[in-house]
2 protein chains.
Amino acid sequence: MSAATPAPRMTRQRREILEALDTRDFRSAQAWHERLRSEGSTIGLATVYRGLQSLADQGEVDAVVAESGETLYRRCEAGEEHHHHLRCRGCGKAVEIDVPEFEAFAHRIAEQHSYGDIQHTIELTGICPECAAAGKD
Amino acid sequence: MSAATPAPRMTRQRREILEALDTRDFRSAQAWHERLRSEGSTIGLATVYRGLQSLADQGEVDAVVAESGETLYRRCEAGEEHHHHLRCRGCGKAVEIDVPEFEAFAHRIAEQHSYGDIQHTIELTGICPECAAAGKD
DNA sequence: GGCACAGATGAGAATGATTGTCGAAATCAG
DNA sequence: CTGATTTCGACAATCATTCTCATCTGTGCC
Ligand SMILES: [Zn+2]
Ligand SMILES: [Zn+2]
Ligand SMILES: [Zn+2]
Ligand SMILES: [Zn+2]
């Protein structure tokens, strides 16, 4: 391995993105961008996309693909382990869930079928109490 | 009840789509369209999109959203129960898997957090033996 | 501090998947 | 067959995301 990832520079924009990611909600890149702008930042949309992707690669943020096909992001607990979510389709609020024994199950199944380089997705979505009360069903 | 779903008409195009869906692979709407065209059909792209979506609503085909955000489709066994897949990221080939007790687990978690209208996604992806041999890793 | 430069930014164009529009063609009840 | 309704298909329009490229800015070095 010749190219160790060349640590991203800490620019004003990157810092702003990190600071904006304070809520526990999953939001789209465009939504985070809007928020940053509404708080006075002049950051560009492309920069938000690049920043969030880079942070996701580093494991600093979680990224999930919604049914609509758009990618949603939220800050991840520092150095947290691999995990899954129960996410609200209305507001993006999510809680982390533990799926005991699933990791092992996945590998067993993969081996049975001789599939390699396994990845898995487990996402639960629903409507949170607040959104339900607001009539989003 | 005024508007009961007005059963879709069986047109030549709809029949062609069903016939094309003979392999066990997950492919994009565009890929299925290409195949239909290459086999002489004059069906339009929008029609393929509409048809696949309609069939997915009826449960005739499975639809999954890939990491890229594009939606992949494949015929589902007739009247089959809700299920999940182990899919090859190289060629789309998939096998259906059984995830015992997960359905119950999902509902228990949802109730603990008072989330309603629960849906869940479990997808395993990997590289199948053929694709691995072809060097797609 | 001051310099050099690779990496980062931002405005806007480009892309690519999907959806909308609308006149023409097909389906189906009577 | 006839007319009401639905579906087609070509193509324009959307929308999220990526690319281009001229400009700016951390960072390592003196
Ligand atoms: Zn909510
Ligand atoms: Zn996991
Ligand atoms: Zn299936
Ligand atoms: Zn394969």
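Excluded from the calculations below are hydrogen atoms, water molecules and symmetry mates; all remaining heavy atoms, backbone and side chain alike, are included. Proteins get letters first, then strands, A, B, ... in listed order; numbering begins at 1 in each.
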Chemist: Let me see the working for Thr47(A) and Gln13(A) under side chain to side chain donor-acceptor pair (under 3.5 Å), right down to the final yes or no.
Modeler: CA-CA 8 Å; Thr47(A) 302; Gln13(A) 292 83 345; over 6 Å; no
Chemist: Hey, is the side chain of Gln13(A) poking within less than 4.0 Å of OP1 or OP2 on dT25(D), counting only N and O atoms?
Modeler: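 Negative; the distance criterion is not met.
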Chemist: Looking at every strand, decide which applies to Gln53(B) at a 4.0 Å heavy-atom threshold: base, sugar-phosphate, or nothing.
Modeler: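 Here Gln53(B) touches the backbone only, sparing every base.
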Chemist: The side chain of Ile43(A) lies closest to which of these nucleotides: dT21(C), dG26(D), dG10(C)?
Modeler: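 Nucleotide nearest to Ile43(A)'s side chain: dG10(C).
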Chemist: For Gln30(A) and dT18(D), give me the distance from atom CD to atom P, rounded to whole Å.
Modeler: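 Going from Gln30(A) (CD) to dT18(D) (P), I get 11 Å.
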Chemist: Just how far, in rounded Å, is C1' of dT7(D) from CD of Glu16(B)?
Modeler: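 From Glu16(B) CD to dT7(D) C1': 14 Å.
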Chemist: Please report the distance, rounded to the nearest Å, between CD in Glu70(A) and P in dT14(D).
Modeler: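 Value for this atom pair: 18 Å.
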Chemist: Looking only at the side chain of Ala46(B) (C-beta and beyond, no hydrogens), which of the listed nucleotides dT18(C), dG12(C), dC11(D) gets closest?
Modeler: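 Out of dT18(C), dG12(C), dC11(D), the nucleotide with an atom closest to Ala46(B)'s side chain is dC11(D).
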Chemist: Can you work out whether Arg12(B) or Leu45(A) has the more 5'-proximal nearest nucleotide on DNA chain C?
Modeler: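 The answer here is Leu45(A).
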Chemist: Rounded to the nearest 0.5 Å, how far apart are CZ of Arg74(A) and CG of Asp22(A)?
Modeler: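 It comes to 12.5 Å.
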Chemist: Determine whether the side chains of Glu123(B) and His84(B) contain a donor N or O and an acceptor N or O closer than 3.5 Å.
Modeler: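 Per modelled atom types, Glu123(B) and His84(B) side chains form no pair under 3.5 Å.
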Chemist: Nearest whole angstrom, please: distance from the C1' of dA8(C) to the CG of Leu55(A).
Modeler: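 Taking atom C1' of dA8(C) as the reference, CG of Leu55(A) is at 14 Å.
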Chemist: Atom CG of Leu36(A) and atom P of dG10(C): how far apart are they, to the nearest Å?
Modeler: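 Value for this atom pair: 10 Å.
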Chemist: Classify Arg15(B) by what it touches in the nucleic acid, base, sugar-phosphate, or nothing, heavy-atom distance under 4.0 Å.
Modeler: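 No contact.
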Chemist: Under 4.0 Å: is that the gap between some side-chain N or O of Thr11(B) and OP1 or OP2 of dT27(C)?
Modeler: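 For dT27(C), neither OP1 nor OP2 has a side-chain N or O of Thr11(B) closer than 4.0 Å.
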Chemist: dT18(C) phosphate, OP1 or OP2: any side-chain N/O from Tyr49(B) under 4.0 angstrom?
Modeler: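 Looking at the OP1 and OP2 atoms of dT18(C), one of them is under 4.0 Å from a side-chain N or O of Tyr49(B).
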Chemist: Which nucleotide sits closest to the side chain of Arg50(A): dA17(C), dG10(C), dT27(D)?
Modeler: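 The listed nucleotide nearest to Arg50(A)'s side chain is dG10(C).
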Chemist: Please find out if less than 6.0 Å separates the ring center of His82(A) from that of His120(A).
Modeler: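 Yes - the distance between ring centres of His82(A) and His120(A) falls below the 6.0 Å cut-off.
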Chemist: Using whole Å, what does the distance between atom C1' of nucleotide dA17(C) and atom CG of Leu52(B) come to?
Modeler: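 Between C1' of dA17(C) and CG of Leu52(B): 14 Å.
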Chemist: Taking the minimum atom-to-atom distance to the side chain of Arg14(B), which one of dC8(D), dA10(D), dA17(C) wins?
Modeler: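 The closest nucleotide is dC8(D).
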Chemist: Do the rings of Phe102(B) and Phe105(B) sit parallel, tilted or perpendicular, given the 30° and 60° boundaries?
Modeler: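 Plane angle between 30° and 60°, so tilted.
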Chemist: If you look at every strand shown and take non-hydrogen atoms under 4.0 Å, does Thr42(B) touch a base, only sugar-phosphate, or nothing?
Modeler: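 Contact class for Thr42(B): sugar-phosphate only.
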Chemist: Met10(A) has an atom CE; how far is it from atom C1' of dC24(D), in whole Å?
Modeler: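 Value for this atom pair: 18 Å.
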Chemist: Using a heavy-atom cut-off of under 4.0 Å over every strand shown, decide if Thr71(B) touches base, sugar-phosphate, or nothing.
Modeler: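 Counting heavy atoms under 4.0 Å across all strands, the contact made by Thr71(B) is with sugar-phosphate only.
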Chemist: Round to a whole Å and report the spacing from NE2 of His33(A) to P of dC15(D).
Modeler: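 It is 17 Å, rounded to the nearest whole Å.
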Chemist: Among dA8(C), dT17(D), dT18(C), find the nucleotide with the atom closest to the side chain of Ala29(A).
Modeler: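 Closest nucleotide to the Ala29(A) side chain: dT17(D).
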Chemist: If you check every side-chain atom of Arg9(A), which of dT9(C), dA6(C), dA16(D) has the closest atom?
Modeler: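 For Arg9(A), the side-chain atoms sit closest to dA6(C).
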Chemist: For Leu72(B) and Ser28(B), which heavy atoms make the closest approach, and how far apart are they?
Modeler: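 Looking at all heavy atoms of both residues, the closest pair is CD2-N, 3.7 Å.
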